[in-house]
Colleague: 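Sharing a structure, written as structure tokens. Questions coming.
Quick note: numbers below take in every heavy atom, side chains included, and nothing from hydrogens, waters or symmetry partners. All chains are named by letter (A, B, ...) in the order of the sequence lines, taking the proteins before the strands, and each is independently numbered beginning at 1.
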Amino acid sequence: MLDTQEQPSIPDASYLIGLNEMQRQAVTHTEGPLMIIAGAGSGKTKVLTSRIAHLLKEQKATPHQILALTFTNKAAAEMRHRIVGIIGDSAKAIWLGTFHSVFVRFLRMEAHRLGYPAHFTIYDSEDSKSLLKQIVKDLNLDDKIYKPNLLLSRISHFKNKLISAHIYAGHSTYQTEDARMRIPRFGEIFLRYTNYCHKAAAMDFDDLLLHTHTLLHNNAELTETYQRKFSYVFVDEFQDTNLVQYSMLKKLVAHHQNICVVGDDAQSIYAFRGADIQNILHFTKDYPQHTVVKLEQNYRSTKRIVDVANQIIRHNEAQLPKKVWTDNNLGEPIEMVKATSDVEEARLVVASLLAQKRKHAVLYQDFVILYRTNNQSRNFEEALRRSNIPYRIIGGLSFYQRKEVKDFIAYLSFLVNHNDAESFKRIINLPKRGIGSVTVDKIFAIAYEQERSLWDILCDATGFLGGAVAIAVGRFVALIQEMTDRLASENAYLVAVAVAKESGFLKELYEDKTIEGLTRYEHIQELLNGIKQFVDDAENNDASLGRFIQEIALITDGDQETQQQDAVTLMTIHTSKGMEFKYVYLVGMEEDLFPSSMMLGSKADVEEERRLFYVAVTRAQLKLTLSYALSRYRFGKLTHTQPSRFLNEVVLVPQEPKKVGMAPTRVVNVPPRGNINGTFKIGDHVKHAHFGTGQIIQLMETEGVSKAIIFFHNRGNKTLLLNYAKLEILPTQ
DNA sequence: CATGGCCTATTTTTT
DNA sequence: ATAGGCCATG
């Protein structure tokens, strides 16, 4: 046990310098439940990290007695970095990470109690949907009615509310609801889904939390161990927790009661995945002796921006009383960009962006373009490219979601877990082995009927399958067996390379000489490099393939470390949470887009959209620009649009003299003639072996790879990797 | 069992 | 606009 004797605090400790009164209060509060309501830009991360540093310096706890939970890897990395900065390397022993990654670590040690191996497979939504599709098919149901998306979100919804398939089956009210929703057999699907996952030794995202909860709930002595271990527990973005997470937290802190939650009800934007603002209210009731500290001073934004943000949130009924204010300058007026079309919107925004950049002599990386939906990025990419502005898109399709990457990971996953059915489906006929869907269905049917494992059936293929197919399956099994054996003596990287080669996977990609094929090939090389790095990383005490796969399952695109390159950032508002930029462009301020047409159903939904608006606005430090278009392509069709209702809710005062009917600053931009490596330049006429002749319209460099967009006279625009593409420069006509 | 062409649903956000 | 699903054909 720790020495809990009060020690004199060090008033001039470096981490206390520069804190305001409330921040200092939060940092130095060391005993009992604490709730910090932190307005946007109020120095929340600073307070959290300082408080942890304080506990360590005051010897209230050792690093491994502290549990700190965030929602994104990025936030966790940032906190870790800052604490290590104050405390030193010893702080690395803190249990600090996202809910999901911390509990994966816990489950690796404890999931055997639920019949799971340490290196269980993590299914992403795509895997989950594929499994659901199969179940619907197995049950001979109509997939127009039993849509995978609907099923998965409903399953997720119940799991987040601590309602498992078994509990679900025992409550007739749910079945009544299913009948009303015309999906009477949902319960059956839910149960099968649960069973299939268990048999495949797989967990979906929600299971990572739910199974942890189950373990804590059912094992008193296990729970007690962790209750004693973690003398201090921290939760960031508390307004985003769901019932499972909150319930788990309560269990974990039951012994010491030293729980510190930090949140902002105004920034709750994840209700759709089960987040419940009510947890803030529950907290105050569950811990009556708690202390509340409100951080209301905003250090991030100008007065005008804070003013607009406050105006926005005032329109919501559901909110905690708080006054966010700032001492910062008044700042520049909020600007409106009004465009006739979505294409023009992008052009005007980019022109304005360039004008701002020149006027204030700032960098591209000081700018962000925020939108409601990922698909809005397209026009802006186009416009940025035209103006030769470097940009970086965060979100959308991440590296690990690319088909070829997922396919190859499926191979690795199957090596680790021979019953991973979703991975099996991906790789059994990749490259082509003459094993089609009929055979695959048969294998699953037999496994189901005989209640045997997938791998067991595969090893016994000759017993069920005819000649050629049986031989093909036998070869596949032999390959997997051999690679699995090698995994026992060789490191993960070497085995991964062997799999890539000996399965024929890499060869097939290599033989595809199209640009897309080359890119895919490059992605696999990149993945292999990633594995090598993981293996070489000395800090990984467990450099196994199984662990690698579990880790990458939890990586999201927003986590990618900000590259050094000076570039404009594009992302959704959701992804931008927790970040700040000097200049923010919030685009697509239109009815049905923002607020989304999907969110007009209830007041609560519209209020969530409004909080999203609030989040977007409060990202801005110096200047905020809003934009909308009067027409927009949707589903490939031109549609008429109306300015967002949100625009009527804010008064942009004090205003500059109005330029009626004028679009803001237009800048005629002449793209500089780029010249990346001295070989190619924009406008060059080139010849390519496959695509014929064309002209370079754009050169760029992303992640150290030089690419060119070339307009080929017969094929249209193609993006080529200059390292690979065999291009011949033609003399200019 | 593999391939290619046509049709369709999709678009809200993400750990 | 586009990717994935379905069907017909080889």
Colleague: Whether A:S125 contacts B:dT15 is assessed here as follows: a side-chain N or O lying under 4.0 Å from the phosphate OP1 or OP2. Is that the case?
Modeller: no
Colleague: What's A:R634 touching, base or sugar-phosphate or nothing? Going by heavy atoms closer than 4.0 Å.
Modeller: nothing
Colleague: OP1 or OP2 of B:dC1 versus the side-chain N and O atoms of A:T439: is any pair under 4.0 Å?
Modeller: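 The answer is yes; a side-chain N or O of A:T439 sits under 4.0 Å from OP1 or OP2.
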Colleague: How many Å lie between CG on A:L152 and C1' on B:dT10, as a whole number?
Modeller: 17 Å
Colleague: Specify the separation, in whole Å, of atom NZ of A:K637 and atom C1' of B:dT8.
Modeller: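 That distance rounds to 13 Å.
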Colleague: CD of A:E382 versus P of C:dA1: gap in Å, rounded?
Modeller: 13 Å
Colleague: Is the aromatic ring of A:F635 within stacking range of B:dT10, meaning centres under 5.5 angstrom and planes under 30 degrees?
Modeller: no
Colleague: Between P on C:dC6 and CG on A:D142, what's the gap in Å once rounded to a whole number?
Modeller: 11 Å
Colleague: Quick one: is B:dT8 close enough that its OP1 or OP2 comes under 4.0 Å of any side-chain N or O from A:K144?
Modeller: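 Answer no for this pair, as no side-chain N or O of A:K144 is under 4.0 Å from OP1 or OP2.
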Colleague: Expressed in angstrom and rounded to an integer, what is the separation of A:Q401 atom CD from C:dA3 atom P?
Modeller: 15 Å
Colleague: Report yes or no: is the cationic atom of A:R154 (NZ for Lys, CZ for Arg) closer than 6.0 Å to the six-membered ring centre of A:F186, at no more than 45° off its axis?
Modeller: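 Positive - A:R154 is close enough to the ring of A:F186 and near enough to its axis.
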Colleague: Side chain of A:R273 only, please: which of B:dT12, B:dT15, C:dC6 is the nearest?
Modeller: B:dT15
Colleague: Which part of the nucleic acid, if any, lies within contact of A:F99, taking any heavy atom under 4.0 Å across all strands shown: a base, the sugar-phosphate backbone alone, or nothing?
Modeller: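 Nothing, no nucleic acid heavy atom in range.
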Colleague: Would you call A:E381 and A:R385 a salt bridge, using N to O less than 4.0 angstrom?
Modeller: yes
Colleague: Looking at A:D441 and A:K137, is there a salt bridge between them, counting it only when a charged N and a carboxylate O are closer than 4.0 Å?
Modeller: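 Yes.
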Colleague: Over all strands shown, is A:N149 touching base, sugar-phosphate only, or nothing at heavy-atom distances under 4.0 angstrom?
Modeller: sugar-phosphate
Colleague: Compare the minimum distances between each of B:dT15, C:dG5, B:dT11 and the side chain of A:M598, then state the nucleotide with the smallest one.
Modeller: B:dT11
Colleague: Would you say the base of B:dT12 and the side-chain of A:R372 have a donor-acceptor pair closer than 3.5 Å?
Modeller: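 Pair found.
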Colleague: CG of A:L208 versus C1' of B:dT15: gap in Å, rounded?
Modeller: 9 Å
Colleague: Find which nucleotide of DNA chain B each of A:G436 and A:F272 is nearest to by heavy atoms, and output the residue with the more 5' nucleotide.
Modeller: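 Nearest-nucleotide comparison on DNA chain B picks A:G436.
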Colleague: Please report the distance, rounded to the nearest Å, between NZ in A:K403 and P in C:dG5.
Modeller: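 Whole-Å distance recorded here is 11 Å.
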Colleague: Answer with yes or no whether the side chains of A:Q376 and A:T373 bring together a donor and an acceptor at under 3.5 Å.
Modeller: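 On atom types as modelled, these side chains qualify, holding a pair under 3.5 Å.
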Colleague: Would you mind classifying the nucleic acid contact of A:N429 as base, sugar-phosphate or nothing, using non-hydrogen atoms under 4.0 angstrom?
Modeller: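 Contact class for A:N429: sugar-phosphate only.
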Colleague: Report yes or no: is the cationic atom of A:R273 (NZ for Lys, CZ for Arg) under 6.0 Å from the centre of the six-membered ring of A:Y270, at an angle within 45° of the ring normal?
Modeller: yes
Colleague: Looking for any heavy atom pair under 4.0 Å, which part of the strands does A:V469 touch: base, sugar-phosphate only, or nothing?
Modeller: nothing
Colleague: Expressed in angstrom and rounded to an integer, what is the separation of A:D240 atom CG from B:dT14 atom P?
Modeller: 13 Å
Colleague: Taking for each residue the nucleotide of DNA chain B with the nearest heavy atom, is it A:N374 or A:K147 whose nucleotide lies nearer the 5' end?
Modeller: A:K147
Colleague: Are the aromatic ring centres of A:F71 and A:H100 under 6.0 angstrom apart?
Modeller: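 Distance test on ring centres: not under 6.0 Å, no.
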